[in-house]
Amino acid sequence: MSSGTLALLCTHAPLVGCFGALVVLRRAPRAAAALNILAMLASLGAALAIFAGSNHQPPTIISLWLSSEGVPISFGFLLDGTNQLMGIIVALIALCIQVYSLGYMKGDPGYARYFGLHGLFAWAMLSFVYSANLLQAFVFWELVGLASFLLIGFWFEKPSAAAAAKKAFVMTRIGDVGMFIGLILLLSSTSTLDIAQLMQASTLASIPDARLTLIALLLFCGVVGKSAQFPLHTWLPDAMEGPTPVSALLHSATMVAAGVFLYARFHPLFVAAEGVSNIVLVIAIITAILAATIAMVQRDMKRVLAYSSISQLAFMLLGLGAGSLYAGVFHLTTHAFFKALLFLCAGAYIHQIGSNDMVTMGRQGAAKLRLVSAGLVIGAAALAGLPPLAGFFSKESILAALHGAHANAFVYGAYLASFLTAYYTFRMVFLVLRPSDKSVLPAEEHEPHPHGDVTGSMKLPIAILTVGAAAAGFAGDFIAKLIGAKALHPTYGEMAPAIGIALAGVIVAFFEFGRKDAAQQGFITRVGALDTLFERKYYLDEIYDKVAGGLVSLIASVSAVVERGVLDGTGDLAGNLTIATGDATARMQSGRLQLYIGSAVLLIVVFCYFVGGY
Amino acid sequence: MVLSAIILTPLAALFLTLLIPARNDKAIKAVSALAGAVTVALAAYVWFKFDPYSTARYQLVERVEWVPTFGISYYLGVDGIGVLMTMLNAIVFLTGALSMWRLELRVKEYFAFMLTLVIGVFGVFVSLDLFFFFFFYEVAVLPMYPLIAVWGSTRKEYAAMKLTLYLMAGSALLFPALLSIYYKSGLNTFDMVALSGHKFSEAYQIFVYPFIYIGFGVLAGMFPVHGWSPTGHVAAPTAVSMLHAGVLMKLGAFGILRVAMPLLPAGAAYWNGPFAALATCNIVYGALVALKQDDFKFVIGFSSVSHMGIVLLGINMLTIDGMGGAVFQMFAHGVMTALFFSAVGFIYDQAHTRDIHEFGGLSKHVPIASAFFIIAGLCGMGVPGFASFWAELLVFIAAVKTMPLFGVLAVVGLIISALFMLRVLKHAFFGPANPKWQGLRDVTAWDALPRAILIAVLILFGFIPRLALALIASSVRALAGGI
Amino acid sequence: MDAVHPSAWAFVVVALGGALLSVSLRNILHAIFGLALALFGIAGLFLYLGSPFVAAMEVLIYVGGISVAMVFAVMLAYSLGKKEGGSTRRFLAVVPVGGFFGVVGYALLRASFAVTSKTGSWDLKLVGRKLLLDYNVVFEALSVVLLLAIVGAIIIARRDEKTGDDKTADEKAASKGNDAASAEERAS
Amino acid sequence: MTLSHFLLVALALFALGLYSVLTRRHLIGLLIGVELMLNAASINFLAFDRFVVKDPATGQIIVLFIIGLAAAEAAIALSIILSAYRAHRSADVDDLDELKN
């Protein structure tokens with residue numbers, strides 16, 4: 001098979017699964033699930049086959065989509081190293097999560113729909129990854145958003161899920177609008193949207209500097225929205241309303257990763273655009289610290305992981321913004337493994353114990369799930385950046401990149417964020433695995449509702465991902481070669497403080513939460529104001545609701561009033577005036593025949609008098 | 001002869017309908033549906049017969065002199081735009097007839113009026129003679145009054161009257177302007193092709209262009225004379241809403257493309273700025289008002305205003321991209337709104353309310369019927385994979401390039417349209433299932449047929465936009481080149 | 001200029017007098033008699049104007065037909081207790097009538113006509129020939145009109161009788177009241 | 001008596017007829033007025049025929065037509081009056097105001 005056919009198979013096999021599950025096999029959920037898993041297997045196989053084929057091919061054009069003022073825009077695949085790597089990760093993680101969902105979603109009335117939407121998601125994400133041109137990427141980028149909207153709102157009967165789905169869509173849409181305008185500007189500046197062509201230095205050089213900066217900023221808007229960076233990050237924690245495997249899918253290799261991937265894809269452009277990288281770094285560092293501080297005080301396990309995702313995505317952007325494609329993509333890869341693992345572990349606990357609350361999990365004996373707990377510990381250690389697990393290597397390379405580019409506030413910010421990361425990660429681990437008798441944390445209000453035992457189909461993906469999370473860190477050189485970027489090997493001098501900081505975080509967490517009779521109270525509770533601030537997520541939701549929501553609502557109300565009052569009013573007024581005139585003249589129609597005749601004669605007389613000239 | 005056949009098919013169906021006794025309502029519906037299917041087939045024939053690469057701008061031409069004294073002839077022909085619009089009307093006609101399968105009130109009269117409407121619309125899309133163009137235009141507009149006033153709901157007399165008054169006001173602007181063109185040209189002909197060859201003085205074009213643009217603009221839902229359209233949509237019965245928003249509003253935009261711009265290119269070039277500003281108002285304002293509506297159909301009505309704004313914006317860009325996008329948007333929006341109203345009509349016919357707050361969790365009770373609405377909603381938000389995405393994309397590309405301010409504002413309108421659409425989805429289809437609607441019947445295969453056809457069309461053009469874009473490219477190029 | 005014999009003034013007096021009576025008498029029956037009188041006078045004027053045939057027709061159709069029909073109609077449909085128009089109405093009517101009279105009369109007095117000299121002879125043969133040849137179409141049309149008028153009059157006048165239920169609500173209520181009243185009478 | 005005299009007499013008859021039409025409340029009173037006006041016109045025709053026009057037959061024929069039409073009109077009017085009287089129990093012109101406003 002040619003690579004084009006393979007790419008078509010890889011991207012569109014899940015679409016077949018989606019169609020089958022949503023339309024044909026609605027009443028046969030098991031068959032729908034099987035079909036989708038088969039489709040994902042095909043995708044993974046095709047992705048691997050593409051990888052096994054030759055590297056760095058020119059884009060394969062499948063067909064012409066449309067032409068804009070003579071510029072042809074085609075549908076095709078770009079199969080270079082970055083895309084190949086990402087494709088394999090997406091297919092692999094999606095497959096793991098689908099297998100996991102077999103057990104997790106058992107008994108749900110929307111079983112077939114769930115797998116169908118999964119197929120839709122995988123199709124959109126894979127097609128996005130292999131896109132040959134920016135417009136195609138944008139199309140599937142939007143479709144990824146659509147699929148995530150449908151998956152977050154999967155349990156649509158929960159008002160919170162419906163609201164979260166809406167929020168996710170709107171917040172990402174805000175970013176997308178910026179990206180869309182950027183796309184149009186790029187098109188009109190370069191007369192091409194072909195990614196390979198766009199990334200050539202000569203093309204980039206042809207764009208005026210100010211315009212390039214503008215385009216880069218607009219594209220970055222899309223990244224901010226999709227990858228949930230400050231200030232558009234608030235949708236992501238709410239997106240936890242979806243089923244846990246969905247969260248795993250959204251937060252590891254798809255959806256949020258799409259933003260970072262886009263940045264990586266357009267790395268040359270962002271590097272060429274003057275002044276943009278500083279803005280990126282500022283936003284990333286703000287996001288990293290902001291999300292990490294919020295994660296410190298959450299009790300909901302999925303929320304902790306959600307904020308950690310935001311924070312880690314910010315790390316990736318830190319690496320990319322510092323100019324190292326390698327660091328960003330490397331962290332993207334390792335993060336995909338350990339974050340998917342952590343979410344699947346969380347899902348297993350939630351499934352078995354029936355609560356999202358970490359304290360409840362601990363008290364209900366979460367530690368008894370041996371395999372899951374092992375996965376949790378390894379995943380957490382990877383997230384915290386403890387050697388020799390996956391997160392350690394990638395995070396070190398990001399720090400190294402920062403050192404190389406900006407040995408200043410950003411580095412210290414990154415140190416702070418990684419300390420917090422280690423702290424909240426192990427706070428989570430200790431809360432779940434080492435319940436303390438002396439804990440001051442109150443029990444949850446709701447009784448837990450267990451769904452059932454963790455099945456084999458759930459354990460298998462956890463096991464695979466555990467291996468991945470442990471080992472992915474050694475793939476650094478391989479990845480560097482694949483994406484054609486220079487690998488960064490931090491010196492021991494650079495490594496030491498990072499390791500020390502991560503260890504410090506773990507140790508603080510241990511003393512506060514992990515000791516035999518720890519009070520399980522974080523140091524931040526001593527500063528009440530900060531605690532509340534973090535607890536309430538910096539009041540950003542409220543501010544957005546009040547300010548942006550209120551503003552839009554106000555304008556809309558004014559428009560509605562204008563519509564009713566002014567425009568409709570004018571129309572009605574014209575109509576009513578006509579009717580009133582009619583009524584007035586109708587009153588003259590008294591029904592008095594003789595009055596009519598008399599006035600008619602009189603008029604004739606008057607007429608004759610004047611016209612006749614008498 | 002095929003274009004005549006397209007007009008004559010609904011006409012024959014109309015006569016047949018009048019001959020069938022009123023009690024035989026199944027037969028009447030079947031006649032309309034059959035006529036719809038035949039017109040779809042004929043439109044498809046036209047589609048394949050039309051050669052987009054030919055140098056002849058208008059093809060499949062038929063011409064018979066009618067009143068030589070005044071230069072009136074029965075002159076039919078289509079360019080790519082006409083082909084696409086004919087197809088749109090055929091599709092909406094077919095699916096509209098199928099959607100009204102459950103109608104019980106005065107079936108015969110209903111279908112007679114609907115067929116009259118369809119005849120008029122087809123006539124407008126294929127006429128090349130100004131006289132017949134205007135004649136068919138009025139034929140299409142007039143049946144709206146009885147259709148809404150008799151079979152409508154929610155302040156139907158008010159809506160019908162409002163609609164008629166607005167449209168008549170539009171015609172009142174249009175008619176003298178068209179006659180003035182006829183006299184001013186001195187060619188003693190209503191032949192639009194010949195008239196477009198005549199060069200009117202620039203001052204005259206600038207003077208008369210707004211009359212024609214606004215005259216047609218009323219029907220296209222142009223801000224600020226769009227008031228009739230949401231009210232009319234709300235009051236009209238399902239298939240009429242479908243035809244009304246799906247096709248009738250397109251007549252306005254089509255008129256601008258077919259009459260105003262080719263005949264008065266200098267006027268178009270002079271006025272495109274202000275009219276583009278108004279079109280931007282359409283987009284943003286329509287979406288904002290939709291955000292505050294509680295009635296399903298009002299939301300869709302104002303979203304139509306917003307979407308027609310995209311059409312008008314595209315037209316006023318006077319570039320190939322803009323006009324091509326506008327034409328494609330006319331098609332996509334037509335199919336999409338038809339789907340919207342079809343989906344809402346199905347729910348309303350059972351629930352007898354359209355207040356989104358009264359519903360909740362409809363996806364639970366009637367998953368397939370809800371899915372139709374949700375798909376239409378996604379299409380309305382401009383989600384890729386549906387035809388409207390490409391149309392909006394092209395218009396926005398043109399707008400951001402030509403008039404960046406309006407372009408950016410229009411793109412920002414996308415956020416608002418996502419907001420109001422999601423608001424409806426959230427309140428009515430998601431959330432806790434309201435037990436009140438437990439007894440709602442979901443669609444049967446027969447009910448699903450028209451909606452499925454519309455969705456299929458949307459997705460087909462959503463993935464292969466070139467099908468339509470290649471068709472209209474040469475016509476649009478000729479149009480844009482003339483200005 | 002050959003004037004009509006002055007004795008015609010007598011008929012003028014009869015015509016105008018009859019007309020005055022028909023206009024002024026309160027009793028409608030009397031007014032009809034006044035009309036008949038006026039018509040006689042007019043018929044006399046026709047004689048003086050040289051058309052005995054037309055005069056005969058006038059007497060036959062108007063006096064003998066229309067006036068009598070009116071009398072019958074009054075007998076069938078006389079509503080008692082209805083007053084004739086008040087002084088306001090009369091006063092108001094004077095304005096257009098006076099105006100009309102003034103304007104036309106003034107115009108008449110100022111106008112001059114090219115009066116030709118000829119005797120007022122008449123020829124019934126000529127009239128008959130003209131009627132059936134030159135004015136054939138009008139004649140036919142008039143016949144049709146007359147036929148339609150007769151048929152129409154019958155239909156209009158008969159409609160209520162034929163459908164007995166078609167009485168108005170008032171009528172029904174009235175007849176019901178009567179029934180009730182008569183029932184009471186019987187009971188007492 | 002000359003032409004002018006006849007015309008003036010006709011005018012007086014017409015004015016009286018008009019007055020009757022304007023003041024009478026009884027429908028037959030209106031009819032009487034109309035008949036007077038028609039006759040006034042007839043007198044005019046015959047007067048012109050006698051004094052002005054050379055052809056002696058035309059005026060007479062027109063008057064004959066007028067008489068015929070008047071007969072038809074009277075028949076219809078009387079039947080309408082009868083039917084209106086049945087419907088309203090009145091032949092008063094002021095009561096027949098269904099077309100009011």
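Just so we're on the same page: letters track the sequence lines, and every chain starts at 1. These numbers come from a predicted model, not from an experiment.
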Please flag which part of A:Ala574 lies under 4.5 Å from any non-hydrogen atom of chain B: side chain, backbone, both or neither. neither
Which atoms of A:Phe149 are under 4.5 Å from chain B, going by heavy atoms: the side chain, the backbone, both sets, or neither? side chain
So how far is it from A:Leu198 CG to A:Ile215 CD1, rounded to the nearest 0.5 Å? 9.0 Å
When you measure from the side chain of B:Ser474 to the backbone N and O of B:Pro52, does any donor-acceptor pair fall under 3.5 Å? yes
Heavy-atom cut-off 4.5 Å, strictly under: side chain, backbone, both or neither for B:Phe463 against chain A? both
Can you see whether B:Phe298 has B:Arg155 sitting over its ring - NZ or CZ less than 6.0 Å from the centre and within 45° of the normal? no
Heavy-atom cut-off 4.5 Å, strictly under: side chain, backbone, both or neither for B:His226 against chain A? side chain
Once you measure the plane-to-plane angle for B:Phe461 and B:Phe331, does it fall in the parallel (<30°), tilted (30-60°) or perpendicular (>60°) bin? perpendicular
Side chain, backbone, both or neither: which part of A:Val562 has a non-hydrogen atom closer than 4.5 Å to chain B? both
When the 4.5 angstrom heavy-atom criterion is applied to B:Leu393 and chain A, the contacting part is both
Counting only non-hydrogen atoms closer than 4.5 Å, does A:Leu146 touch chain B with its backbone (N, CA, C, O), its side chain (CB onward), both, or neither? side chain
Out of A:Leu183, A:Val170, A:Leu187, A:Asp176, which one racks up the most heavy-atom pairs below 4.5 Å with chain B? A:Val170
Under 4.5 Å from any heavy atom of chain B - which part of A:Asp572: side chain
With a 4.5 angstrom heavy-atom cut-off, could you sort out which part of B:Arg423 is near chain A: side chain, backbone, both or neither? both
So for A:Leu135, is it side chain, backbone, both, or neither that comes closer than 4.5 Å to the heavy atoms of chain B? side chain
Looking only at A:Ala165, A:Gly110, A:Ser553, the option with the highest number of non-hydrogen pairs under 4.5 Å against chain B is A:Ser553
What part of A:Thr578 lies closer than 4.5 angstrom to a heavy atom of chain B: side chain, backbone, both or neither? neither
Could you check whether any side-chain N or O of B:Ser388 sits under 3.5 Å from a backbone N or O of B:Cys379, counting only pairs where one atom can act as donor and the other as acceptor? yes
Under 4.5 Å heavy-atom distance to chain B, tell me which part of A:Arg113 shows up: side chain, backbone, both or neither. neither
May I have the step-by-step check of ring-ring contact (aromatic ring centres under 6.0 Å, His included) for A:Phe180 and A:Phe138, ending in yes or no? CA-CA 8 Å; A:Phe180 186 51; A:Phe138 181 73; 5.2 Å; yes
Give, as side chain, backbone, both or neither, the part of B:Pro367 having an atom under 4.5 angstrom from any heavy atom of chain A. side chain
Assert top hit (heavy-atom pairs under 4.5 Å, partner chain B, pool A:Glu142, A:Glu563, A:Lys158, A:Arg564) equals A:Glu563
